[in-house]
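Contents: one structure, followed by commentary.
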Amino acid sequence: MEQKTKIKGKVHYVGVNDRTKHLFEGLWPLPYGVSYNSYLIDDEKVALVDTVDICYFEVFLHKIRSVIGDRPIDYLIINHMEPDHSGSLSLIKQHYPNIIIVGNKQTFGMVEGFYGITGEQYLIANGDSLDLGYHKLTFYLTPMVHWPETMMTFDETEGIIFSGDGFGAFGTLDGGFMDTRLNTDIFWQEMIRYYSNIVGKYGSAVQKALEKLAPLSITTICSTHGPVWIEQKDRVIDIYDRMSRYEGEEGVVIVYGTMYGNTEQMAEAIALELSVQGIKNIVLHNVNKRHPSYIIADIFKYKGLIIGSATYCNELYPEIDSLLSKILTRDMKNRYLGYFGSFCWSSAALRHMHTFAEKSKFELVGIPVDMKISMSDQTYDECEALGLAMAERLKQDR
Ligand SMILES: Cc1cc2nc3c(=O)[nH]c(=O)nc-3n(C[C@H](O)[C@H](O)[C@H](O)COP(=O)(O)O)c2cc1C
Ligand SMILES: [Fe+2]
Ligand SMILES: [Fe+2]
């Protein structure tokens with residue numbers, strides 16, 4: 001068992017898989033589940049890096065014991081206090097009463113607040129080290145990735161970064177837990193969806209964290225969600241770097257809210273023109289059908305965004321309204337925005353879209369299109385012109 005859980009040196013994987021939960025944070029669907037990763041360093045001094053969701057404590061404890069038997073754990077290093085990782089803290093403390101919690105000055109208030117645990121603290125500051133015998137750990141404070149206490153722990157000996165939620169992805173680890181032992185196909189899209197929805201607002205904090213990590217010789221990424229990355233670590237770092245700079249690929253997301261399909265026909269006309277103009281990455285999302293987490297992920301992926309809404313009780317279509325608020329919350333930048341609306345007796349959606357466009361940090365492209373009731377020759381022409389303007393703007397960046 002012990003060797004099967006080994007990553008490198010004396011570091012073992014002791015995380016668990018959640019295939020039961022429907023919504024992560026009560027919000028985000030988990031079609032492939034999620035893993036809560038924890039790592040055990042079986043050195044002269046034994047250290048546990050993060051814990052797991054409390055529902056999985058028994059499985060977790062069994063995994064720990066199959067590595068260290070009856071030996072005590074000396075340190076619990078807390079990179080992140082969100083309960084998907086700290087949930088087993090109280091029970092770990094009950095089973096290992098002499099364990100010393102390692103955290104930074106933001107950590108311990110949360111340890112007490114969530115679990116009522118006070119007692120001995122091993123308080124670290126940025127750059128401090130902890131020698132376990134073979135492994136030598138250094139701590140890097142990375143606040144707001146995506147909570148204030150978040151930090152990363154670097155193992156100087158083997159080049160392993162224990163990165164907390166940084167570099168995380170949705171998806172369970174079925175069999176293998178390292179990219180060298182598992183098919184990683186599902187994780188790339190799930191990484192973008194994880195990042196854009198959970199961490200997306202904190203791009204500048206992620207950039208600061210990446211700057212701190214840049215001088216380190218990283219061989220292995222041990223995040224708290226998704227695979228341990230060895231062979232494909234550079235691709236993972238590159239994805240997090242590009243997403244945290246809000247850098248999109250050439251492509252357009254067209255998202256629309258419709259009741260009877262007329263507004264959808266505007267989206268189709270715009271999409272057709274984009275493709276005629278040579279844009280291949282075009283994704284149409286009906287906001288009613290697609291969960292917003294997938295739409296947000298695609299908006300992080302592509303540089304072009306075109307939003308359409310039917311007028312609803314003198315307002316935006318409700319689900320479009322909600323999506324716009326999610327976009328603003330994430331403080332997104334570097335997008336080209338086009339928009340369109342429809343109405344039957346008195347136009348309102350377009351006006352509200354205009355307010356959104358002003359609040360956003362996006363570059364407006366093309367002339368917004370408003371449609372009365374259904375498609376006319378003029379609407380087709382206007383939609384075509386909007387598609388053309390977006391295509392031309394995107395092609396300027398080639
Ligand atoms: C519940 C409801 C509320 C509506 N409110 C308005 C409104 O306030 N002003 C208006 O001009 N049209 C209103 N409409 C009409 C739609 O905005 C209009 O028919 C639109 O073109 C529908 O687009 P769709 O075919 O894509 O659903 C409303 C329709 C419904 C069903
Ligand atoms: Fe988190
Ligand atoms: Fe997490």
Side-chain angles (χ1 to χ4, degrees), residues 15-18 21 24-28 30 33-38 49-54 56 78-88 106-107 110 114 142-152 162-171 190-191 193-195 197-202 205-206 209 222-226 254-270 284 286-289 307-321 340-353 369-376 379 383:
V16 300
N17 290 305
D18 186 341
K21 186 175 275 151
F24 189 77
E25 294 183 349
L27 288 165
W28 318 112
L30 294 168
V34 64
S35 71
Y36 311 118
N37 300 339
S38 169
V49 184
D50 293 309
T51 75
V52 301
D53 187 293
I54 192 170
Y56 296 87
I78 299 184
N79 286 328
H80 184 24
M81 272 302 292
E82 198 170 359
D84 52 337
H85 310 296
S86 70
S88 293
Q106 300 286 340
T107 314
M110 292 192 190
F114 277 109
T142 55
M144 296 320 298
V145 178
H146 57 136
W147 276 26
E149 85 300 358
T150 48
M151 65 180 203
M152 298 192 187
F162 299 98
S163 57
D165 282 347
F167 309 117
F170 290 132
E190 286 297 84
M191 180 175 287
R193 201 167 63 88
Y194 176 83
Y195 175 85
N197 288 285
I198 311 289
V199 189
K201 180 181 173 65
Y202 301 102
V206 175
C222 287
S223 161
T224 45
H225 300 288
I254 307 178
V255 52
Y256 55 90
T258 180
M259 292 156 280
Y260 304 112
N262 293 290
T263 313
E264 183 174 49
Q265 291 314 306
M266 302 175 81
E268 294 276 13
I270 295 164
L284 270 74
N286 180 338
V287 78
N288 301 321
K289 180 82 183 291
I307 306 176
S309 175
T311 297
Y312 192 97
C313 300
N314 222 25
E315 298 288 338
L316 283 167
Y317 193 74
E319 300 308 320
I320 288 289
D321 199 18
F340 57 97
S342 73
F343 64 100
C344 185
W345 59 91
S346 159
S347 168
L350 210 72
R351 180 163 36 86
H352 293 298
M353 287 293 313
V369 185
D370 209 5
M371 176 182 74
K372 181 164 181 173
I373 303 179
S374 66
M375 296 293 278
S376 64
T379 326
C383 289

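Whatever order the structure lists them in is the order used to number ligands and atoms, beginning at 1.
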Practice task
State whether the side chain of S163 and the backbone N or O of M152 hold a donor-acceptor pair below 3.5 Å, judged by distance alone.
Solution key: no

Practice task
Considering the heavy atoms of C344, write down every atom of ligand 1 situated less than 4.0 Å from one of them.
Solution key: 10 (C), 11 (O), 12 (N), 15 (C), 18 (C), 19 (O)

Fill in the blank from the handout: Atom name of the N, O or S atom of D165 nearest to the Fe ion (ligand 3) is OD1

Exercise for the section: Look only at interatomic distance and state if S342 has a nitrogen or oxygen under 3.5 Å from any nitrogen or oxygen of ligand 1. Expected result: yes

Exercise for the section: Under the ring-ring contact (aromatic ring centres under 6.0 Å, His included) rule, collect the residues that match up with F343, sequence neighbours excluded. Expected result: none

Problem - Any donor-acceptor N/O pair, E149 side chain to M81 backbone, under 3.5 Å - result: yes

Practice task
Please calculate the NE2(H225)-the Fe ion (ligand 3)-NE2(H85) angle and round it to 10 degrees.
Solution key: 90°

Exercise for the section: Classify the angle between the aromatic ring planes of Y56 and Y36 as parallel (below 30°), tilted (30 to 60°) or perpendicular (above 60°). Expected result: tilted

Practice task
If you have a sec, work out which protein heavy atom is nearest atom 16 (C) of ligand 1 and how many Å separate them, to one decimal?
Solution key: T311 O, 3.5 Å

Problem - Considering only N, O or S atoms of E82, the one closest to the Fe ion (ligand 2) - result: OE1

Practice task
Name the option, out of C313, A310, S346, that contains the heavy atom nearest to atom 3 (C) of ligand 1.
Solution key: C313

Handout entry: NE2 (H80) - the Fe ion (ligand 2) - NE2 (H146) angle, nearest 10°
Key = 100°

Fill in the blank from the handout: When rounded to the nearest 0.5 Å, the distance separating CG of N288 from CD1 of I320 is 8.5 Å

Exercise for the section: Measure from the side-chain N and O atoms of T311 to the backbone N and O of A349, and report whether any donor-acceptor pair falls under 3.5 Å. Expected result: yes

Exercise for the section: Identify, by name, the N, O or S atom of D84 lying closest to the Fe ion (ligand 3). Expected result: OD2

Completion exercise
Nearest heavy atom to atom 18 (C) of ligand 1, choosing from Y317, F343, Y260, Y256, belongs to F343

Handout entry: Side chain S35, main chain G226, donor-acceptor under 3.5 Å
Key = yes

Fill in the blank from the handout: for atom 31 (C) of ligand 1, nearest protein heavy atom and its distance come out as M259 SD, 3.3 Å

Handout entry: Distance-only N or O hit between ligand 1 and S347, under 3.5 Å
Key = no

Fill in the blank from the handout: To atom 8 (O) of ligand 1, the nearest of N314, T258, I373, N262 on a heavy-atom basis is N314

Completion exercise
From the list D18, D84, N37, side chain to side chain donor-acceptor pair (under 3.5 Å) with H225 holds only for D84

Exercise for the section: Any atoms of ligand 1 less than 4.0 Å from a non-hydrogen atom of T263? List them with their elements. Expected result: 23 (O), 24 (P), 26 (O)

Practice task
Work out whether the distance between some heavy atom of G261 and some atom of ligand 1 is less than 4.0 Å.
Solution key: yes

Problem - Under 3.5 Å: N/O of M371 near N/O of ligand 1 - result: no

Exercise for the section: For the pair H80 and D50, evaluate side chain to side chain donor-acceptor pair (under 3.5 Å) and give the outcome as yes or no after the intermediate values. Expected result: CA-CA 7 Å; H80 184 24; D50 293 309; over 6 Å; no

Problem - T150 (side chain) donor-acceptor with T142 (main chain) under 3.5 angstrom - result: yes

